[in-house]
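Input: a single structure, listed below in structure tokens.
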Amino acid sequence: MTLPSIASVPGRALRVLLLWLSRRRALGRIATRLPITRAMVARFVAGERMEDALDALERLRDQGLRTTVDILGESVTSEAAARAAADQYLATIDALAGRGLDRNVSLKLSQMGLGVSERLCRENVGRIVARAVERGAFVRIDMEDHTTVDATLALWRELRPAAARAGGTDDGADLGVVIQSALLRSPADTDALIAESSRIRLCKGAYVEPASVAHPEKADVDAAYEALMLRLLRDGRFPALATHDERLIARATQVARAEGIAPERFEFQMLYGVRRDLQDRLVRAGFGVRVYVPFGTQWYPYFMRRLAERPANVLFLLRSILREGRHSGRRDA
Ligand code: FDA
């Protein structure tokens with residue numbers, strides 16, 4: 001296999017392949033043992049232990065960046081694993097408060113046991129929301145593939161009142177959701193959520209979805225993002241524009257300036273390890289930027305989605321593997 005042949009694989013086919021691989025648990029078990037992948041992973045993941053993440057959060061804070069913490073893990077299949085994940089969130093919220101860091105976490109419902117039972121998931125997220133209220137923390141429910149959207153919004157509607165009663169300010173305790181511009185239903189969901197004064201994170205969507213529910217063409221996903229972004233900038237409550245797309249970011253700043261939408265009324269969000277230059281540039285220009293900081297041992301599916309977002313990342317990984325192979329070949333010789 002040569003690198004140029006990988007480079008010539010059409011972007012969309014490579015993305016579909018990588019996202020398919022992201023769901024293969026057995027591969028994940030192998031990948032997590034390989035030193036080469038672990039080195040690559042360090043670019044996107046703050047570490048395996050909470051202490052590693054707390055150090056990374058401090059460094060980001062010192063650079064003027066806001067943060068949200070994600071404990072890696074998804075699609076859990078046992079009640080015990082889901083409860084353990086929720087316990088880890090409680091400990092993390094406590095640690096954030098203890099270290100004076102941004103009290104802001106992001107979680108996935110499939111990690112909280114949605115695939116086991118809705119009751120278990122509700123109980124786990126309810127415990128986290130209660131702790132967040134105590135600590136004045138913000139909890140964001142990440143959005144997973146389209147089959148989970150109804151359950152996610154229903155759970156948000158059920159649990160949100162407790163969080164909003166306690167805080168409801170733009171930086172206090174609250175429960176927020178995510179909208180994916182790839183999904184055809186998102187304009188209607190956005191309208192409903194704006195009417196409910198929801199804090200929305202807008203992203204493009206990281207999952208392979210059927211054409212019956214999502215835009216198949218990237219250009220349409222981008223156009224849908226722009227339309228939803230403008231709607232949220234004008235009418236949303238402290239929206240989070242989660243993207244590394246420079247054209248969309250420039251459009252947001254231009255519209256904000258032209259329409260007198262103050263930088264305090266919204267924020268940009270980006271992933272840990274992605275476009276650090278752009279994060280710094282926006283901070284220097286006076287915009288709020290929050291970095292999504294994942295940590296934990298269950299990094300495989302998250303890492304594969306990051307590879308799928310940029311084919312150059314795959315080339316980089318393959319080059320490292322080949323280089324490592326050559327070195328170990330020399331050592332063996
Ligand atoms: P796009 O994919 O068009 O990329 C724009 C440019 O950014 C690329 O040309 C490339 O240079 C750079 N870039 C993007 N991704 C990169 C990467 N991994 N490595 C290196 N460069 C990269 N999705 C979801 O389905 N549910 C969710 O809850 C969330 N949550 C979320 C939070 C935050 C803070 C962010 C930033 C993103 C998400 N996402 C998400 C992921 C999102 O849906 C999307 O897959 C990625 O953000 C990539 O899309 P962009 O908007 O960056 O645009």
Side-chain angles (χ1 to χ4, degrees), residues 11-12 14-16 18-19 22 40-46 60 65-70 72 74 102 104-111 138-149 152-153 156 176-183 185-186 189 199-209 213-215 217-226 228-229 239-252 266-279 281-282 288-294 299 301-317:
R12 194 188 316 179
L14 189 58
R15 177 168 185 265
V16 170
L18 289 164
L19 292 177
S22 77
M40 255 304 270
V41 167
R43 177 181 160 196
F44 297 109
V45 173
L60 293 165
L65 293 156
R66 303 169 188 169
T67 49
T68 182
V69 186
D70 168 55
L72 292 163
E74 50 200 88
D102 266 357
N104 192 310
V105 296
S106 297
L107 55 81
K108 290 187 173 43
L109 293 190
S110 73
Q111 180 186 19
F138 180 85
V139 180
R140 175 87 58 187
I141 309 178
D142 287 350
M143 193 59 85
E144 298 177 73
D145 71 69
H146 80 278
T147 61
T148 66
V149 176
T152 303
L153 296 184
W156 175 79
V177 282
V178 175
I179 286 285
Q180 298 157 324
S181 69
L183 296 187
R185 60 180 286 170
S186 287
D189 285 338
R199 275 181 55 179
I200 298 173
R201 173 199 293 154
L202 178 65
C203 67
K204 290 187 186 176
Y207 300 86
V208 178
E209 302 284 13
V213 300
H215 299 289
E217 299 297 331
K218 185 170 185 312
D220 294 327
V221 176
D222 292 355
Y225 191 104
E226 182 169 345
L228 290 169
M229 176 179 85
L241 308 177
T243 183
H244 315 92
D245 188 325
E246 283 204 71
R247 191 191 68 78
L248 288 168
I249 290 170
R251 179 92 176 105
F266 65 97
E267 69 181 10
F268 292 106
Q269 293 194 352
M270 295 189 207
L271 300 175
Y272 181 78
V274 179
R275 293 304 311 265
R276 284 171 278 210
D277 57 327
L278 187 52
Q279 297 173 14
R281 215 189 314 150
L282 284 166
V289 179
R290 190 177 302 278
V291 181
Y292 184 103
V293 181
W299 46 256
Y302 178 88
F303 174 64
M304 294 302 280
R305 287 198 294 276
R306 302 297 76 84
L307 291 188
E309 281 155 6
R310 191 160 177 260
N313 290 343
V314 182
L315 286 177
F316 185 67
L317 176 66

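One-based numbering, in listed order, for ligands and for the atoms of each. Please read these numbers as outputs of a predicted model, since none were measured by experiment.
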query = For atom 4 (O) of ligand 1, is the nearest protein heavy atom under 4.0 Å away?
reply = no
query = Is Ala206 in polar range of ligand 1, meaning some N or O pair under 3.5 Å apart?
reply = yes
message = For atom 17 (C) of ligand 1, is there a protein heavy atom at a distance under 4.0 Å?
response = yes
request  = Run the salt-bridge test on Asp277 and Arg275 with the 4.0 Å N-O cut-off and return the result as yes or no.
outcome  = yes
ask   = Between Arg12 and Glu217, is there a salt bridge with N-O shorter than 4.0 Å?
value = yes
inquiry  = Under 4.0 Å from a heavy atom of Tyr292: which atoms of ligand 1 are those, numbered in the order shown and with their elements?
reply    = 32 (C), 34 (C)
task = Flag Lys218 as yes when one of its N or O atoms lies below 3.5 Å from any N or O atom of ligand 1, and as no otherwise.
result = yes
ask   = Looking at Arg43, which atoms of ligand 1 are within less than 4.0 Å of one of its heavy atoms?
value = 20 (C)
query = What pair of heavy atoms forms the shortest contact from Arg185 to Asp189, and how long is it?
reply = NE-OD2, 2.6 Å
task = Using a strict 4.0 Å cut-off to heavy atoms of Asp142, name the atoms of ligand 1 that fall inside it.
result = 28 (O)
request  = Return yes or no for this condition: an N or O of Leu271 is under 3.5 Å from an N or O of ligand 1.
outcome  = no
query = Under a 4.0 Å N-O cut-off, is there an ion pair linking Arg305 with Glu74?
reply = yes
inquiry  = Nearest non-hydrogen contact with atom 41 (C) of ligand 1 belongs to which option: Arg305, Arg290, Arg306?
reply    = Arg306
inquiry  = Out of all atoms in ligand 1, which are within 4.0 Å of some heavy atom of Met143? Include the element for each.
reply    = 24 (C), 25 (O), 26 (N), 27 (C), 28 (O)
request  = Return a yes/no value for Glu309: is any of its N or O atoms, backbone included, closer than 3.5 angstrom to an N or O of ligand 1?
outcome  = yes
With Arg290, the side chain to side chain donor-acceptor pair (under 3.5 Å) member among Thr67, Asp102, Thr68 = Asp102
ask   = Under 4.0 Å from any heavy atom of Ala242, which atoms of ligand 1 are there?
value = 33 (C), 34 (C), 35 (C), 36 (C)
inquiry  = Strictly below 4.0 Å, N to O, side chains only: are Asp70 and Arg140 in salt-bridge contact?
reply    = no
key: Sub-3.5 Å N/O-N/O distance, Arg201 and ligand 1   = yes
query = Below 3.5 angstrom, do we get any N/O pair linking Asp222 and ligand 1?
reply = no
message = Looking only at protein heavy atoms, which one is nearest to atom 7 (O) of ligand 1, and what is the separation?
response = His244 CB, 3.2 Å
request  = For residues Asp245 and Met229, determine if any side-chain heavy atom of one lies less than 4.5 Å from a side-chain heavy atom of the other.
outcome  = no
key: Closer than 4.0 Å: a protein non-hydrogen atom to atom 30 (N) of ligand 1   = yes
Shortest protein contact, atom 20 (C) of ligand 1 (heavy atom only) = Arg310 CD, 3.3 Å
remark   = Looking only at protein heavy atoms, what sits closest to atom 23 (N) of ligand 1 is Cys203 SG, 3.4 Å
message = Which residue and atom name correspond to the protein heavy atom nearest atom 53 (O) of ligand 1, and how close is it?
response = Lys204 NZ, 3.0 Å
query = Is Glu209 reaching over with its side chain to a backbone N or O of His146, donor-acceptor style, under 3.5 angstrom?
reply = yes
